[in-house]
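Attaching a single structure in structure tokens format; questions to follow.
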Amino acid sequence: MARLQPVRGTHDILGDKSIRFRTIFEIFRSVATRYGHQEIDTPIFEFTETFKRTLGETSDVVNKEMYTFEDRGGEHVTLRPEYTAGIARAFMSNGLQQSTPCKFYSFGPIFRYERPQKGRMRQFHQMDVEIIGVPEAQADIEVLAIASDLLNELGIGQHITLELNSLGDPESRNDYRDALVKYFNGHKGALSEDSLVRLEKNPMRILDSKDEGDRLLIADAPRIGEYYNQETKDFFATVTDGLEGLGIDYQINDRLVRGLDYYCHTAFEFTTDQLGAQGTVLAGGRYDGLMEMMGGPKTAGVGWAAGMERLAELISEDILHKPNRPVVVTPVGAISQTLCLKVAHDLRTSGIVVDMGYKGNVGKRMKRANKQKAIFAILIGEDELLRGVAMVKNLDQGSQEEVSISNLANYILDNEK
RNA sequence: GCGGGUGUAGCUCAGUUGGUUAGAGCGCCAGAUUGUGAUUCUGGAAGUCGCCGGUUCAAUCCCGGUCACUCGCCCCA
């Protein structure tokens with residue numbers, strides 16, 4: 001038994017969970033498709049270099065969270081810890097610079113070597129949306145609209161807040177970073193241990209700190225808004241105006257920063273208070289510097305990723321895309337076995353969900369039909385066989401009536417809800 | 001990677017101040033009911049008490065380690 005368990009932080013997806021995943025993905029696909037996005041599936045692993053270069057050597061994702069290994073050919077590869085780098089790589093590999101704008105969506109497993117918690121695992125699943133090759137703020141608005149539509153159609157929009165910030169263009173961002181470093185350097189003695197490390201590696205991260213002492217300092221720290229140049233202000237105003245025009249609520253959070261190095265301008269997180277410490281359900285932003293950093297031509301991009309497992313915990317039972325309740329075909333005695341197989345097959349061909357047990361007497365089979373929440377049981381014995389009819393029992397009402405076998409499919413299609 | 005909690009049947013959980021055969025509910029299987037389900041009744045199967053080691057005449061219980069889960073930190077979807 002000891003080893004008959006999944007690797008730490010991985011889970012089997014079956015039953016109710018599987019239905020939840022499918023429901024979310026189908027709604028996601030429907031929304032993304034309506035915005036003209038095309039599906040893209042990139043490999044679940046890439047050369048390690050692809051992620052190292054884009055995520056930044058100092059990020060936690062690169063330093064302690066990647067599933068990296070050497071394959072038999074001596075290549076250094078890594079299970080993807082996020083989507084954007086792989087999609088950007090695919091964009092360049094396939095020469096899509098010729099075909100911008102590119103609007104993509106994707107769904108699949110993501111891997112991070114982390115300590116598991118609720119809503120956080122080592123293999124989890126993300127849905128991803130990217131618009132590549134559009135420097136205009138309209139793309140930011142559109143991508144946020146997709147997110148908003150998705151959460152609303154999942155029925156959880158009211159539990160989720162959109163937190164929005166602008167990291168500014170590179171000039172604004174650098175000015176602000178310098179000001180921040182200067183400020184915190186003057187208060188080193190009061191900073192937490194974690195934040196002292198952040199000060200060296202990723203100073204803007206300090207703004208995120210949950211440490212109480214840090215929070216006092218942060219309250220008086222320079223605000224990013226004070227360092228926006230005109231271009232940044234205009235860009236951000238276009239985004240917020242667009243959201244207001246679409247009736248999408250947001251909250252400016254100027255402490256919201258991104259862990260990844262390639263973001264600029266718009267950064268956002270959709271958060272909830274219903275998932276403990278893992279409140280972020282969907283997050284993303286603009287990454288105009290990414291492609292260049294990867295060695296390609298300068299290409300704008302904006303997108304987001306949403307965590308499937310976290311969304312699956314939030315959606316309510318009644319939006320689930322469950323399969324139709326089955327109809328159960330029940331031979332009464334061995335004599336009608338062959339006919340029942342044929343009847344079941346014909347009903348399936350007509351699009352009806354049909355189950356037929358493999359053994360057992362009528363009582364057993366009815367019990368099983370009930371357990372499967374079947375809507376009808378179709379009983380065919382010697383008597384019915386000879387007369388070309390079937391006994392159709394409505395398992396909700398307990399009533400039954402004879403229906404001619406040639407008319408069975410129509411009868412069921414007319415009477416199932 | 002750091003700190004706290006937990007681990008007894010498929011599931012939810014009792015229990016043993018260390019002592020012979022470890023319990024319940026739900027679920028599962030069978031029968032009452034071999035041409036009719038849901039209720040009911042009767043019976044049954046199912047546990048290396050997470051794993052390894054230590055203390056002890058004796059450990060599911062105490063101690064150590066380990067694995068997994070869980071809550072928080074770091075970080076993130």
Item to check | A/Phe107 ring center near A/Phe28 ring center (under 6.0 Å) | outcome: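 Ring centroids of A/Phe107 and A/Phe28 are no less than 6.0 Å from each other.
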Checklist entry - Taking only N and O in the side chain of A/Arg120, is any of them less than 4.0 Å away from OP1 or OP2 of B/C71? => result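 Negative; the distance criterion is not met.
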Checklist entry - Going by heavy atoms closer than 4.0 Å, what residues in residues 300-317 of chain A are next to RNA chain B? => result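 Of all residues in residues 300-317 of chain A, the ones placing a heavy atom under 4.0 Å from RNA chain B are A/Ala305, A/Gly307, A/Arg310.
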Next on the checklist: Once you apply a heavy-atom cut-off of 4.0 Å, does A/Glu384 come out as touching a base, just sugar-phosphate, or nothing?
Outcome noted: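 Since a base atom lies under 4.0 Å of A/Glu384, the category is base.
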Checklist entry - Taking only residues two or more places apart in sequence, or in another chain, which ones meet A/Glu142 in a side-chain contact (heavy atoms from CB on, under 4.5 Å)? => result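 Checked A/Glu142 against side-chain contact (heavy atoms from CB on, under 4.5 Å); matches are A/Tyr35, A/His37, A/Lys103, A/Ile131.
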Item to check | A/Glu130-A/Tyr83 side chain donor-acceptor pair, cut-off 3.5 Å | outcome: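 No, no side-chain donor-acceptor contact under 3.5 Å.
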Item to check | Side-chain donor-acceptor pair present, A/Ser399, A/Asn394, cut-off under 3.5 Å | outcome: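 The answer is no; no qualifying pair exists.
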Checklist entry - C1' atom, B/A68 versus B/G31: distance in rounded Å? => result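 Each nucleotide's C1' atom is 41 Å from the other's.
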Next on the checklist: Angle between ring planes, A/Phe111 versus A/Tyr67, binned at 30° and 60°: parallel, tilted or perpendicular?
Outcome noted: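 The arrangement is perpendicular - the two ring planes meet at more than 60°.
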Checklist entry - To the nearest angstrom, how far is A/Ile375 atom CD1 from B/U36 atom P? => result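 Going from CD1 in A/Ile375 over to P in B/U36 covers 23 Å.
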Next on the checklist: Without decimals, in angstroms, what is the distance between A/Phe21 CZ and B/A77 C1'?
Outcome noted: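 Checked: the CZ to C1' distance equals 11 Å.
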Item to check | Integer angstrom distance from the C1' of B/G7 to that of B/C49 | outcome: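 Going atom to atom, C1' in each nucleotide, I get 10 Å.
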Checklist entry - Taking only residues two or more places apart in sequence, or in another chain, which ones meet A/Phe104 in a ring-ring contact (aromatic ring centres under 6.0 Å, His included)? => result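 None.
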Checklist entry - On RNA chain B, nearest-nucleotide positions of A/Ala283 versus A/Gly9: which is more 5'? => result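 Going by which nucleotide is closer to the 5' end, it is A/Gly9.
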Next on the checklist: Applying salt bridge (Lys or Arg N to Asp or Glu O under 4.0 Å) as the test, list every pair that has at least one member in residues 359-368 of chain A; sequence neighbours left out.
Outcome noted: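 Those involving residues 359-368 of chain A do not exist here.
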Item to check | Any side-chain donor near an acceptor of the partner, A/Asp169 and A/Ser172, under 3.5 Å | outcome: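 There is such a pair (donor and acceptor under 3.5 Å, judged by atom type) between the side chains of A/Asp169 and A/Ser172.
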Checklist entry - Expressed as a whole number of Å, how far does the C1' atom of B/U60 sit from that of B/G18? => result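 Rounded to whole Å, the distance is 10 Å.
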Next on the checklist: Does anything in residues 154-166 of chain A come within less than 4.0 Å of RNA chain B? Heavy atoms only, and list the residues if so.
Outcome noted: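 By residue number: none to list.
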Checklist entry - Taking the P atom of each, how far is B/A24 from B/A45, in whole Å? => result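 It comes out at 12 Å once rounded to the nearest Å.
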Checklist entry - Base, sugar-phosphate, or nothing: which does A/Arg365 touch, judged by heavy atoms less than 4.0 Å apart? => result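 Contact class for A/Arg365: none.
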Within the sub-3.5 Å range, which N or O atoms of nucleotides 30-33 of chain B have a protein N or O partner, and how far apart are they?
residue : atom : partner  : partner atom : Å
B/G31   : OP2  : A/Lys364 : NZ           : 3.1

Item to check | Partners passing salt bridge (charged side-chain N to carboxylate O under 4.0 Å, His left out) against A/Asp16 (at least two apart in sequence or in another chain) | outcome: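 Result, salt bridge (charged side-chain N to carboxylate O under 4.0 Å, His left out) vs A/Asp16: A/Arg20.
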Next on the checklist: Would you measure the distance from the P atom in B/C52 across to the matching atom in B/C13 and give it in whole Å?
Outcome noted: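 My reading of the P atoms in B/C52 and B/C13 gives 25 Å.
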Checklist entry - Got a donor-acceptor pair under 3.5 Å from the side chain of A/Lys393 to the base of B/G37? => result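 Yes, the side chain and the base share a sub-3.5 Å donor-acceptor pair.
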Next on the checklist: Classify A/Leu395 by what it touches in the nucleic acid, base, sugar-phosphate, or nothing, heavy-atom distance under 4.0 Å.
Outcome noted: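 Base: the residue A/Leu395, judged by heavy atoms under 4.0 Å, touches a nucleobase.
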Checklist entry - Mind checking the P distance from B/A14 to B/G53? Whole angstroms is fine. => result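 Roughly 29 Å separates the two P atoms.
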Is there any protein nitrogen or oxygen under 3.5 Å from a nitrogen or oxygen in nucleotides 5-11 of chain B, and what are the pairs?
none

Checklist entry - Within the structure, does a side-chain N or O atom of A/Lys371 lie under 4.0 Å from either OP1 or OP2 of B/C29? => result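 Checking B/C29 against A/Lys371, a side-chain N or O does come within under 4.0 Å of OP1 or OP2.
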Checklist entry - Can you check whether A/Arg8 has a side-chain N or O nearer than 4.0 Å to OP1 or OP2 of B/C69? => result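 Answer is yes, contact under 4.0 Å.
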Item to check | Euclidean distance for C1', B/C63 against B/G1 (whole angstrom) | outcome: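 Here B/C63 and B/G1 have their C1' atoms 27 Å from each other.
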Checklist entry - Parallel, tilted or perpendicular for A/Phe270 and A/Phe268, by the 30°/60° rule? => result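 Rings of A/Phe270 and A/Phe268: perpendicular, as their planes differ by over 60°.
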Item to check | Counterpart residues, ring-ring contact (aromatic ring centres under 6.0 Å, His included), relative to A/Phe21 (two or more places apart) | outcome: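 Checked A/Phe21 against ring-ring contact (aromatic ring centres under 6.0 Å, His included); matches are A/His125.
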Item to check | Selection residues 267-282 of chain A - residue pairs positive for salt bridge (Lys or Arg N to Asp or Glu O under 4.0 Å), sequence neighbours left out | outcome: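 Qualifying pairs, neighbours excluded: A/Arg258-A/Glu269.
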Next on the checklist: Using a strict heavy-atom distance below 4.0 Å, which residues from residues 23-40 of chain A are in contact with RNA chain B?
Outcome noted: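 The answer is none.
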Next on the checklist: Run the side-chain contact (heavy atoms from CB on, under 4.5 Å) test against A/Thr50 and tell me which residues pass, sequence neighbours left out.
Outcome noted: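 Checked A/Thr50 against side-chain contact (heavy atoms from CB on, under 4.5 Å); matches are A/Glu46, A/Phe47, A/Ala85, A/Arg89, A/Met294.
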Checklist entry - Ignoring hydrogens and angles, does a donor from either the side chain of A/Gln400 or the base of B/G35 sit under 3.5 Å from an acceptor on the other? => result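 Per atom types, no contact qualifies.
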Checklist entry - Expressed in whole Å, how much space separates the P atoms belonging to B/U6 and B/C61? => result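 B/U6 and B/C61 have their P atoms separated by 15 Å.
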